[in-house]
Amino acid sequence: LKYQRVELARSETSAAGQLDLDGSADDHYLDAARDALAVERLASPMLDLIEERSMSWLYEELERPLVSVLARMEENGVGVDVSELRRMRDYLVSEVNRLESEIHLLAGREFNVNSTKQLREVLFDDLGLTPQKKTKTGYSTDAASLEKIRDQHEVVALLLDYREVEKLRSTYGQGLLEATDPDERIRATFNQTVARTGRLSSEEPNLHNIPVRTALGREFRKAFIPQQGYEFLVADYNQIELRVIAHLAEDPGLISAFEAGQDIHNATAASIFGVSVDGVSAEQRSQAKMVSYGLAYGMESYGLAQRLGIATKDASEILESYFAAFPAVKSYMDRIVEETKDKGYTETVFGRRRPIPELSSSNFRVRQAAERQAMNAPIQGLAADVFKIALVAIDAALEQMQSRSRLVLQVHDEVILEVHPDEAETVHELTVTNMRGAAELRVPLEVNIATGPTWADAKA
DNA sequence: CGGGATGGTG
DNA sequence: CGTGCACCATCCCT
């Protein structure tokens, strides 16, 4: 147990024995006593460090108040419709069984479909299909690789279906039921000090990755419900990371698109492909979306090509067009990498730091990964700051009005409340106001908001 | 137990 | 040559 200038040696724990009044010494008490001692010893030097690094606002006004907000959310938990969950699990179990049998039939033998090792043998040895990329242990069987050999054998499409259904069955069907308390609520742990960018994370269970992209997966959101007589209110930031990029890069084109309230992906596509905003095709909009998000993470033409299913050369042209249309974004990315190299860490306007020492690595790959982190951390970090400010403010506003409505979930840029009908209008209003007003960026913050009887229904 | 592969979210 | 950030859970396998 060691931190900076303070070290609490193992021997110190013997002093904790003094708390053991009845003599029935127990590891549990020793641990608690050691924790208490550690806090006592660490508080002062750590507060000094916070002050020294000008992080007092971040700590006193944001992170510390957030502790009790998250504690309340954890304690409340979120309601689930257990019979709906069971129905889904049962359906998924039967589908998995059906697909497994069909796969065994087509493969010509029984094997564990969940074992990549066995699956590899079946696909590439028995059936002689064409391997795509490699992993550390052999040929890859991931979805992208299977997609490329879909036409070589009819079992491949079934495998892709199987993977989707088995994922939903195990992680969500079975997993969420096992995580449900007797009062039919799920209580996750929200970690405040795990994600290096300042985001929150959720574990046991992870409520930050409940499916939404496929129709079948999205069904799980129907099982998340408010307490009897209440309604869900879901509010999320519209394009917060792209707005943060516009803010940080001070890019005139991005800023004016957001100020004009344009559909940002349409506007981006129009700029990249040199067409009018009305003349953007669905494919162009979709490609523009991939470019916008990809670049926030330092994606290169190869990666873009993989995701768009086009030639690297074409992807490279699209990227060039993007940076030509939004030149400030390019210079911002270059600038932030250099700055981070000098300082050794990235920093958000609210003072949140992320050290990135690997920027000086002699290993090219490590250094390149570090550069991408340096590009991404200020963006994801500032978005996280803004979101946390809103969360604390919403909670304070609810507290102040002695509300019966309460926060039950948050997912990076989205908050979910269960709202008492009498408070619907007030809570709607305070949620939007506090989210929009969380920070003053060079572009407006917009919030989508909707209500409904389940998480699935509360989508605008 | 822990690493690797895979895949779910923002 | 390798190729997008941040997480967490499940399953296999050693």
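Just so it is clear: chains get the letters A, B, ... in the order the sequence lines come, proteins before strands, and each one is counted from 1.
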Discussion item. For residues 349-359 of chain A, which residue pairs pass the side chain to side chain donor-acceptor pair (under 3.5 Å) check, not counting sequence neighbours?
Written reply: A:Glu63-A:Arg352, A:Arg352-A:Asp385
Fill in: Pairs where residues 212-226 of chain A contributes a residue and the test side chain to side chain donor-acceptor pair (under 3.5 Å) is met, not counting sequence neighbours
A:Glu164-A:Thr214, A:Glu219-A:Lys222
Worksheet item: Do A:Trp57 and A:Phe350 pass the ring pair (Phe, Tyr, Trp, His ring centres under 6.0 Å) test, and can you show the C-alpha distance, the side-chain angles, and the key distance before you say yes or no?
Response: CA-CA 8 Å; A:Trp57 186 90; A:Phe350 295 102; 5.5 Å; yes
Practice prompt. Name every residue in residues 70-97 of chain A that has at least one heavy atom under 4.0 Å from any atom of DNA chain C, in order of residue number, or write none if there are no such residues.
Written response: none
Worksheet item: Looking at DNA chain C, which of residues 127-143 of chain A put a heavy atom within less than 4.0 Å of it?
Response: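 Output list: empty, so none.
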Worksheet item: Can we call the ring centroids of A:Tyr297 and A:Tyr293 under 6.0 Å apart?
Response: no
Practice prompt. Under 4.0 Å between any heavy atoms, over every strand shown, what does A:Leu200 touch: base, sugar-phosphate, or nothing? Just pick one.
Written response: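 No contact at all - A:Leu200 keeps every heavy atom at 4.0 Å or more from the nucleic acid.
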Worksheet item: For A:Arg354, which contact category applies under a 4.0 Å heavy-atom criterion: base, sugar-phosphate, or nothing?
Response: sugar-phosphate
Give the residues of [range] touching DNA chain B, defined as any heavy atom closer than 4.0 Å, sorted by residue number.
{"range": "residues 313-352 of chain A", "result": "none"}
{"range": "residues 231-244 of chain A", "result": "none"}
{"range": "residues 355-377 of chain A", "result": "none"}

Given 3.5 Å as the limit, does a donor-acceptor pair link the side chain of [X] with the main chain of [Y], or not?
{"X": "A:Ser202", "Y": "A:Leu207", "result": "yes"}
{"X": "A:Glu418", "Y": "A:Arg406", "result": "no"}
{"X": "A:His412", "Y": "A:Arg199", "result": "no"}
{"X": "A:Arg185", "Y": "A:Gly77", "result": "yes"}

Practice prompt. Taking all non-hydrogen atoms of both residues into account, name the closest pair between A:Arg120 and A:Thr135 and its distance.
Written response: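 Closest approach of A:Arg120 to A:Thr135, heavy atoms only: NH1-OG1, 4.2 Å.
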Worksheet item: Can you name the nearest heavy-atom pair linking A:Leu146 to A:Arg163, along with the distance?
Response: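 Where A:Leu146 meets A:Arg163 most closely, the heavy atoms are CD1-NH1, 3.8 Å.
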Does OP1 or OP2 of [N] have a side-chain N or O of [X] closer than 4.0 Å?
{"X": "A:Arg196", "N": "C:dA6", "answer": "no"}
{"X": "A:Ser201", "N": "C:dC8", "answer": "yes"}
{"X": "A:Arg213", "N": "B:dT9", "answer": "yes"}

Suppose you measure atom [atom1] in [N] against the same atom in [M]; what distance do you get, rounded to whole Å?
{"N": "C:dG2", "M": "B:dG8", "atom1": "C1'", "result": "25 Å"}
{"N": "C:dC1", "M": "B:dG7", "atom1": "P", "result": "26 Å"}
{"N": "C:dT3", "M": "B:dT9", "atom1": "P", "result": "23 Å"}

Worksheet entry | Contact letters for nucleotides 9-14 of chain C, in which S counts primed atoms plus P, OP1 and OP2 and B counts the base, heavy atoms under 4.0 Å | BSSSS-
Could you tell me how far apart [X] ([atom1]) and [N] ([atom2]) are, to the nearest whole angstrom?
{"X": "A:Leu176", "N": "C:dC8", "atom1": "CG", "atom2": "C1'", "answer": "13 Å"}
{"X": "A:Trp455", "N": "B:dG8", "atom1": "CH2", "atom2": "C1'", "answer": "12 Å"}
{"X": "A:Leu168", "N": "C:dC8", "atom1": "CG", "atom2": "C1'", "answer": "16 Å"}

Worksheet entry | Pair A:Arg89-A:Gln174, side-chain donor/acceptor within less than 3.5 Å | no
Worksheet entry | Aromatic ring pairing A:Phe224/A:Trp455, orientation class (parallel under 30°, perpendicular over 60°, tilted between) |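 Aromatic pair A:Phe224/A:Trp455 classed perpendicular.
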Worksheet item: ring-ring contact (aromatic ring centres under 6.0 Å, His included): which pairs involve residues 375-397 of chain A, sequence neighbours left out?
Response: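 Qualifying pairs, neighbours excluded: none.
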Only counting residues at least two apart or in another chain, list the ones meeting ring-ring contact (aromatic ring centres under 6.0 Å, His included) with [X].
{"X": "A:Tyr139", "answer": "A:Phe124"}
{"X": "A:Tyr172", "answer": "A:Phe220"}
{"X": "A:His153", "answer": "none"}

Worksheet entry | A:Tyr91 atom OH, neighbour heavy-atom count above 12 within 6.0 Å | no
